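Every number for a ligand or one of its atoms is a count from 1 in the order of the listing. Keep in mind that this is a model prediction, so the values were computed, not measured.
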Amino acid sequence: MFVSECLSVNDAGHLTIGGADTVELARQFGTPLYVFDEATIRNTMREYNASMKKFYNGAGLVAYASKAFSCKEIYRIAKDEGCGIDVVSAGELYTALSVDFPAEKIFYHGNNKTVSELVYAIESGVGRIVVDNLTELERISEIAASQSKIVPILIRVKPGIDAHTHDFIRTGQIDSKFGFALETGEALEAVKYIKEHKSVELKGIHCHIGSQIFEVSPFELAAEVMVGFMNTVRQETGIILTELNLGGGFGIKYVPENDPVPYMGYMEMVSKVVHDACKKYGLDIPFIVIEPGRSIVGPAGITLYTVGGVKDIPNIRTYVSVDGGMTDNPRYILYQSVYEALVANKADKPKDAVVTLAGRCCESGDLVGEGMPIQRPEVGDIVAVLATGAYNYSMASNYNRVPRAAAVMVKDSEARLIIRRESMEDIIKNDI
Ligand code: LLP
C-alpha cells in the first residue's frame, strides 16, 4: 500500500515504520526527524550479497555507496553484513574508520581528491583507490613511492553511456567530469602509465553510469563495454585485469507510479552479459563489485515534520508549512524530485487534499513537493514524507542556521537515536 514495505498503519490509525508508531516517535524525539528501518537496510544488503553468491559464485563484493547516507551506525551495519563501502571524501573515510570499518573493503572515489586526502587514504590502507584522472594517478604514484608502498587501484572509465536521458543513449564520448574516456585512448594511456610505475598496481576498472535508473539495458551495455575494454587492455599491454566494479544507480520507488526492476533481476541480467562477454574474449570472470547507495537506504527512511501553518490561496494552491524543508531534504529544490507524503496521525483516512508542502527557509523555492495528494493537514499534525533515506541527511545544510535534524533507527518496533539533533551550540561552534 505504501512505497516501502516497512510502512503500515496501526489500530490508532497512525503510520508505523518497522512496527514503531511514527506519531509517538515524533513526540519522543521531536521533529524534523529522520527515521530508518534497520530490517529494510539489512535485508537489501543481504539480497545484494545473495545475488553475488548466486550469479558470480560468491566472487564479488557489495560496496554500499555511503554518500547516500553516511554516519557511524550505517557503517557498523554495513560492516556487520559483510559489505564493503564506497567513500568519496576524507570525512566519509574518517567516519567509517572511527567505527573500525575494515579498510581493505573501502573504495575511495572522487574526481578531485586532495593530496592530503590521498595521503590519508594510502596511510589508512584503503582497499582500492578509484583513480579518476592522470594528474591524480601521478600523485598517487608519487605518494606511494615516497612511502615505499604499492597502492592497489582501479581506474574509472567512462563507458560512453548516458543513462540520465529519458531513453538512454550511447554517445561517442560523454560530457562528464568523472573518469577516463575510452574513445580518445585516455583510459589505455592510464593503463600504460601504471605498467611503468611500480608503486601503483592496477587491479581492475570501474564505471558508474548514473543514478535512479529503471532500465536494465544501460547496465547491460556498460558491462559489455567494460569487459571489451578488459580485452583491449590484455591485447595492448598484456595486463590481465581481475576486478570489474560496475558502480551503483539502481532506481527505487518514490511514488506509486515508479516501477523499479527487482535488484535480483538487474544482477541476473547483467551477470549474463558479463559471462557471455568474458566467454567471447576468452577472459576469466572478474571479481565483481557493485556500489548501490540509494537502493539500500532510500526505501528504509522517512522524514517526520510538524505542521506549523496552513495557507489556503483560493483557486491557486494550499501551502502547508512544515518545520523542515530544503535544509533536511534539498532534493526538490535541486531536482524537482517527487515524494509521497501523508499525515501520520491520519494515515487511515483518505487523501482528500492536494497541497504544496513548504519548508521553513527564507526562500520561495524551499518546498518538499508540489501537488502532493495528502489527508487534509491541520496545524500540529505530523506529516511523513516517504523514501527519504538516501541523499537527504547526507545533503542536509544549515541554511538560515537551521540545526540539522536528528535520526533514529527502528529495530523490532523500538527506536534508538543514531544522530543527535544539532544544538544552538553546534550552530556557532566554528564561529570565532
Ligand atoms: N558509485 C559511484 C561512483 C557514484 O558516483 C554513485 C552515486 C554511486 C555509486 C551510488 O549510486 P546510487 O546507487 O545511490 O544511485 N544526490 C543525487 C544522487 C547523486 C549520486 C551520485 N553518485 C540524488 O539525490 O539523487
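- Close approach of ligand 1 to M395 is summarised as follows: ligand atoms under 4.0 Å from at least one heavy atom of the residue are 16 (N), 24 (O).
- The protein heavy atom nearest to atom 8 (C) of ligand 1 is H208 CE1, 3.3 Å.
- The shortest N or O to N or O distance between G293 and ligand 1 is under 3.5 Å.
- Not a single donor-acceptor pair under 3.5 Å links the side chain of E422 to the backbone N or O of P403.
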Below 3.5 Å, can you tabulate the donor-acceptor pairs from side chains in residues 271-278 to any protein atom, sequence neighbours excluded?
{"unit_1": "S271", "atom_1": "OG", "unit_2": "E268", "atom_2": "O", "d": "3.4"}
{"unit_1": "K272", "atom_1": "NZ", "unit_2": "D276", "atom_2": "OD2", "d": "2.9"}
{"unit_1": "H275", "atom_1": "ND1", "unit_2": "S271", "atom_2": "O", "d": "2.7"}

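- Salt bridge K67/E291: absent, no basic N to carboxylate O contact under 4.0 Å.
- Remark: E201 engages K203 in a salt bridge, criterion side-chain N to carboxylate O under 4.0 Å.
- At least one donor-acceptor pair under 3.5 Å links the side chain of N329 to the backbone N or O of R331.
- Of all atoms in ligand 1, listed by their number and element, those nearer than 4.0 Å to a heavy atom of P292 are 13 (O).
- Considering backbone and side-chain atoms alike, R156 places every N or O at 3.5 Å or more from each N or O of ligand 1.
- Judged by distance alone, with hydrogens and angles left aside, the side-chain atoms of S199 form a donor-acceptor pair with the main-chain N or O of S141 at under 3.5 Å.
- Ligand-side atoms of ligand 1 in range of A65: 8 (C), 9 (C), 10 (C), range being under 4.0 angstrom from any heavy atom.
- For atom 24 (O) of ligand 1, the closest heavy atom belonging to the protein is R331 NE, 2.6 Å.
- Ligand 1 has no nitrogen or oxygen under 3.5 angstrom from a nitrogen or oxygen of H109.
- Scanning all protein heavy atoms for the shortest distance to atom 16 (N) of ligand 1 gives Y335 OH, 2.8 Å.
- Each of the atoms 3 (C) of ligand 1 lies under 4.0 Å from some heavy atom of H206.
- Where the criterion is an N or O separation shorter than 3.5 Å, residue side chain and backbone included, E291 meets it with respect to ligand 1.
- Taking 4.0 Å as the cut-off between side-chain N and carboxylate O, D366 and R360 do not count as a salt-bridged pair.
- When all heavy atoms of L15 and A347 are compared, the pair lying nearest together is N-CB, 3.6 Å.
- Between E340 and K351, at least one side-chain nitrogen of the basic residue sits less than 4.0 Å from a carboxylate oxygen of the acidic one, meeting the salt-bridge criterion.
- Using 4.0 Å as the threshold, G249 has a heavy atom nearer than that to some atom of ligand 1.
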Which pairs would a plain distance check flag for residues 90-102, meaning a side-chain donor or acceptor within less than 3.5 Å of a matching protein atom at least two apart in sequence or in another chain?
{"unit_1": "E92", "atom_1": "OE1", "unit_2": "V88", "atom_2": "N", "d": "2.8"}
{"unit_1": "T95", "atom_1": "OG1", "unit_2": "G91", "atom_2": "O", "d": "2.7"}
{"unit_1": "S98", "atom_1": "OG", "unit_2": "T95", "atom_2": "O", "d": "2.6"}

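- A donor-acceptor distance shorter than 3.5 angstrom exists from the side chain of S66 to the backbone of D86, with no hydrogens or angles considered.
- Nearest to atom 15 (O) of ligand 1 among the protein's heavy atoms is S211 OG, 2.3 Å.
- Under the 4.0 Å criterion applied to side-chain N and carboxylate O atoms, E73 and R76 are assigned as salt-bridge partners.
- For atom 21 (C) of ligand 1, the nearest protein heavy atom (residue, atom name, distance) is K67 CD, 4.1 Å.
- Within the structure, the closest approach of F178 to ligand 1 does not fall below 4.0 Å when heavy atoms are considered.
- Among the atoms of D86, some N or O lies under 3.5 angstrom from an N or O of ligand 1.
- Those atoms of ligand 1 that come under 4.0 Å of a heavy atom in G248, given as number and element, are 9 (C), 13 (O).
- For A68, the closest heavy-atom approach to ligand 1 does not fall below 4.0 Å.
- The closest non-hydrogen atom to atom 20 (C) of ligand 1, taken over F69, Y391, F250, Y64, comes from Y391.
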